[in-house]
Amino acid sequence: MKPSGFTYHRPQTVDEALDVLGRVGPEGKVLAGGQSLVPMMNMRLAAPAELIDINRLTALDYVQVEGDGAGAAVRVGATARHTTVERDTAAFTVLPLLRQALSHVAHSTIRNQGTTVGSLVHADPAGEMTAVLALLDGSVEVRSAHGARCVSASDFFVGPLESCLEPDELATSAVFPVPEGRSGSAWLEVARRHGDYAVCGVGAVLRLDGDARVVAARTGYISVDATPVVLDLGEVIGRVPYDTADWDAAGRYAAAQLQPEGDIHASAAYRRQLAGVLTSRALSAAARHALARHDIMTEVPQ
Amino acid sequence: MTTRSLGEPVARREDPRLLSGQGRYVDDIGTGALEVAFVRSPHAHARIVDIDVTGALDVDGIVAIYTHEDLPGRVGEPLPLLIPHDALTHGRTPYPLAKDEVNHVGEPIVMVVATDRYVAEDACDRIQVEFDFLPPVVGIEVARDAEHLVHDDVPGNVAARLVQESGDARAAVAQAPHVLELDLEIERSASMPMEGKAVFARWDADDTSLRVYTSTQASTSVRAAVAAKLELPADRVEVVAPDVGGGFGVKIVHPWPEEILVPWAAVTLGREVKWTEDRREHFVSSAHERGQLQHVKVGFDSEGRLHGLDVTIWHDNGAYTPYGIIVPIITTTQLLGPYKPGAYRAECFSLYTNTVIVTPYRGAGRPQGCFAMERTMDAIADHLGLDRAVVRERNFIRPDEMPYDHGLVFQDGRPLIYDSGDYPASLDKLKKLIGWDEFDDYRAAARAEGRQVGIGMACYVEGTGVGPYEGGFVKVETDGSVVVATGLTTQGQGHQTAFAQIVADELGVPVEKVTVTTGDTRRFKYAVGTFASRAAVMSGNAVALAARNVREKALRIAGEALEADPRDLEIVDGIVQVKGTPGATVPLSTVAVLSNPLRYAFDEETQRATQFATPGDPEKPPVAEDDEPGLEGTDYYSPARSTFANGMHAAIVEIDPDTAEISILRYCVVHDCGTLINPRIVEGQIHGGVAQGVAGALYERMVYDDAGQLLNASFMDFLMPYATEVPRIEADHLETPSPLNPLGIKGAGEAGVIPGASVLASAIEDAEGFRISRMPISPSELYELRQRHERREQNTTNTKDSR
């Protein structure tokens, strides 16, 4: 379990990094937190000839809340660690789902080193942040020596462990939009051991109106398909008061939409069962969260 | 009085060093040595057609590449069959490097020696091996069907057929008022020590001597094996087990191919050579255990008392049998637990498969045996509508029936005779600890909240301290410190503390004065090894006996110095004194000086022992004819047979009605390993054992596909539980001393793990209301079982309706 040989690059600026990426082409691989890449290299499942370490790009080490009202978002730079994002108070205030989901990402020692943008680029269908980005209709900002582009989550994840990044491109930040209105969220998952990849994970974002009726409900799933899956359950639930909503029916509906596969840890049927159960539980938790958050937020002096 | 330390929860003296990163494991030794990597078989069963190493020859830093053809003399012969047995009619062992055929994924084929491991792995990537595929035999049923053979010359894939019998079990079952049959299965797991195997060898051409550091549980025996294979005089080979990062059984197997190949390469190349196993190698080229199918046929009366027990076992021994059939022997004997089975018969078929070899892993066949017996106890209780604890109690061997002879042969070749134990008292303690009799109320309250809970129990008896012997060396230095050596090895058990406690008490010195060396053939040449919960019993008693010899000699010499009868002397805090006479004292350090008549003095202390300082009797030799210089002693402990510890576990589980996730709410242990040397160490052993028991019940398994590929060969997919998965453990002790040894102790090393799968199966069955007959169990499997059970109930209801 020793990696094969590689050339190590440690650019000091984003431009320098883009320059190296452009030069090395398909032989290159970006090293951020390395929590997935390094084990893969040690097992020689990945053998990049050129390794571009972006950890010196401190300009990309940020978490910031942009805008307010409709269009508000949390932007996370490419070298921001999961822990930094998880603990960011401003981000948590506007977008609690980030912390809710991040607390399920592996263990704290891994979150201390691993980066949120890195996990998106890794595009593991079991990675919590892929589904969070998809659930929020977020996007990834991508740069190369030739320019920049912004890729929506639905285009970004191409397949298991495959994003749409070109070899000369660097994902410089990810944008997680803040849901509008009186919203609440929840992230639930079942893993075989604490901190393991989820057998199934479900995130829910739900919006209530002033009469506590459900006006929008979306769920995002990990470990049930090759890429993160998002379902809109607003119609299924209907515009009903949150406390009369049939979450179990929504869960059954959601489970029927998914095509999970079995593996050595769980059968396909069990995954589907989990998806349904966790959907109903996550929706219910998100509704209660919306209510609680709203009450708390009205008490904060403007 | 010296503070008595035996029986006290003395803090482990090795921990500050080990926990602060000061441990020295094999890979910490030999910096700069050449390093080894292996090309291992990617296929489960194949003939080797050709090996082409040319691609690797131009890799910078390659020193040597070896295949089987390159191995001379005995080095190239098959590895030894360590424990032969009459029933093992078709024992097979591998070559150190595969010759012609591979029989499991991971079997070594080519050895690469290079300047470092990176280069060695680069070279391995460039070596081409051409194979002719043979049909893989994977899984016990496939091996039993024997449509294909693992070894051409082993019919039916049967390595051994072993029968243990006491009375006419089949007749007893046939005549019993009630009969039940159960099919039970336990899957494979493995020891998985934090440190894998590792070997470092240094050949001293000037001294013509070889020193081998290896992460082993049996250094003296590795020494014998290396000397034999390399055809060196044993006297020129030293083997040292430095700090060893866990063993749990896998490192009792020896010599591993690497333990021969690395020393051989060091001698051949005249260079230091090292190999450190990585985790992927450990998964596919060390050893596994546990995989067994078991069919139980039991006859009993309406009281739940056993009349006859007839068990058939199919044991998966993997590709080879270097460690003999120890695991099935232990299952067939230890299955009986604390019970009287009536007539008993166990027949075991040990079967070859194209998978990693199977050798003892902590528990060593006992968890499977316990599973057979304890599932049977629960089934009887269920069948008769009796309390599960009552059925167990009715079948217990009573304290007044000890010693109890089962009429069988144990793993040491000696009769299976339990020496002591009070099972009814243990059960009583356990029921109180967990609240067995109050559980129905708890269950009802939980049910009212929509929670699904269950309780289970399991009992076991563990034969510990198997022979043939261990030895101990104790020496008092002239500064009053005490050094102790024993030949068996340490993998984290706390021997530096426990053995020091024993010697400190025997000698009358503070425990801080005593240092202990284990597993170093330079310090003690005769030993068997650390396995089968034997170290405390065997070496504990050996160092105690050696210390008694030293004490006797110290009192004799001090008696001369103090002009007192040795019988009137005592040793307190390292000082010899006349009982009840203050002032007349001599420290042990001085006694040590006096014990060794000197011509030369190096300091003030030793001046007292020189020829002109000691008057003595001019007519007598300075060292008497029947005496030896030095205040030291060696002794051995060799028991007639094993001593039997026991324990009982109970657990309460809660299971999610929707997700089938299993949580352990309480886990209680009552444990009896005789006299306790150090309760803290024993509790630590129990905690570690329970963690591995929980692992085997809910998490760990080896997932082989039909082609013999191990699909979960990493810690990502092999689910060793984290601290977050291990429940808080509530433990209580009983101390029923063993009459067989001077200290009255029994082994404790494997105890915690044995009933894990049984007690959790019992609790899950209780919570779910349907039979659990296969462990480990995952939430996914439990969910599928629920679905199957519901369908079956539906069918039953439909059938009834149609009538």
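Every chain is numbered from 1, with letters handed out A, B, ... down the list of sequences. The figures that follow rest on heavy atoms only: side chains count, while hydrogens, waters and symmetry mates do not.
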Calculate, to the nearest 0.5 Å, the distance between atoms CG and CZ belonging to Asp196(A) and Phe715(B) respectively.
->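 The distance works out to 12.5 Å.
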
Any chance you could measure Ile264(A), atom CD1, to Leu719(B), atom CG, to the nearest 0.5 Å?
->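 Here the interatomic distance stands at 7.5 Å.
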
Got Arg192(A) and Pro779(B) here, is their nearest side-chain heavy-atom distance under 4.5 Å?
->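 They are in contact (side-chain heavy atoms under 4.5 Å apart), so the answer is yes.
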
Would you check if Asp122(B) and Ser4(A) make a side-chain contact, meaning some heavy-atom pair closer than 4.5 Å?
->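 Counting from C-beta outward, Asp122(B) and Ser4(A) do come under 4.5 Å.
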
Where along residues 272-281 of chain A does a heavy atom come under 4.5 Å of chain B, listed by residue number?
->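 When heavy atoms of chain B are the reference, residues 272-281 of chain A contributes Gln273(A), Leu274(A), Val277(A), Arg281(A) within the under-4.5 Å range.
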
If you count heavy atoms of other groups shown closer than 6.0 angstrom to [atom1] of [X], is the number above 12?
X         : atom1 : value
Asp706(B) : CG    : no
Glu261(A) : CD    : no
Glu235(A) : CD    : no
Asp60(B)  : CG    : no

Of all heavy-atom pairs between [X] and [Y], which one has the smallest distance, and what is that distance?
X         : Y         : result
Ser780(B) : Ser267(A) : OG-N, 2.9 Å
Met1(A)   : Arg117(B) : N-NH2, 4.4 Å
Met720(B) : Arg193(A) : O-NH1, 2.6 Å
Met43(A)  : Arg280(B) : O-NH1, 3.3 Å

Largest heavy-atom contact set with chain A, pairs under 4.5 Å, which of [options]:
options                                    : result
Val119(B), Asp656(B), Asp116(B)            : Asp656(B)
Asp717(B), Leu711(B), Leu698(B), Val703(B) : Asp717(B)
Glu781(B), Gln787(B), Met716(B), Arg701(B) : Met716(B)

Aromatic plane relationship, Tyr783(B) with Tyr270(A) - under 30° parallel, 30 to 60° tilted, over 60° perpendicular |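 Rings of Tyr270(A) and Tyr783(B): tilted, as their planes differ by 30° to 60°.
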
Which bit of Pro39(A) comes within less than 4.5 Å of chain B, counting heavy atoms only: side chain, backbone, both or neither?
->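 Answer is neither: Pro39(A) stays 4.5 Å or more from chain B.
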
Donor + acceptor pair across side chains of His265(A), Asn712(B) (<3.5 Å) =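 The criterion, which ignores hydrogens and geometry beyond distance, is not satisfied for Asn712(B) and His265(A).
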
Ion pair present between Glu121(B) and Arg44(A), side-chain N to carboxylate O less than 4.0 angstrom?
->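 Counted as a salt bridge, because a side-chain N and a carboxylate O are separated by less than 4.0 Å.
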
Contact part of Ser778(B) toward chain A, heavy-atom cut-off under 4.5 Å: side chain, backbone, both or neither?
->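 Contact with chain A is through both the backbone and side chain of Ser778(B).
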
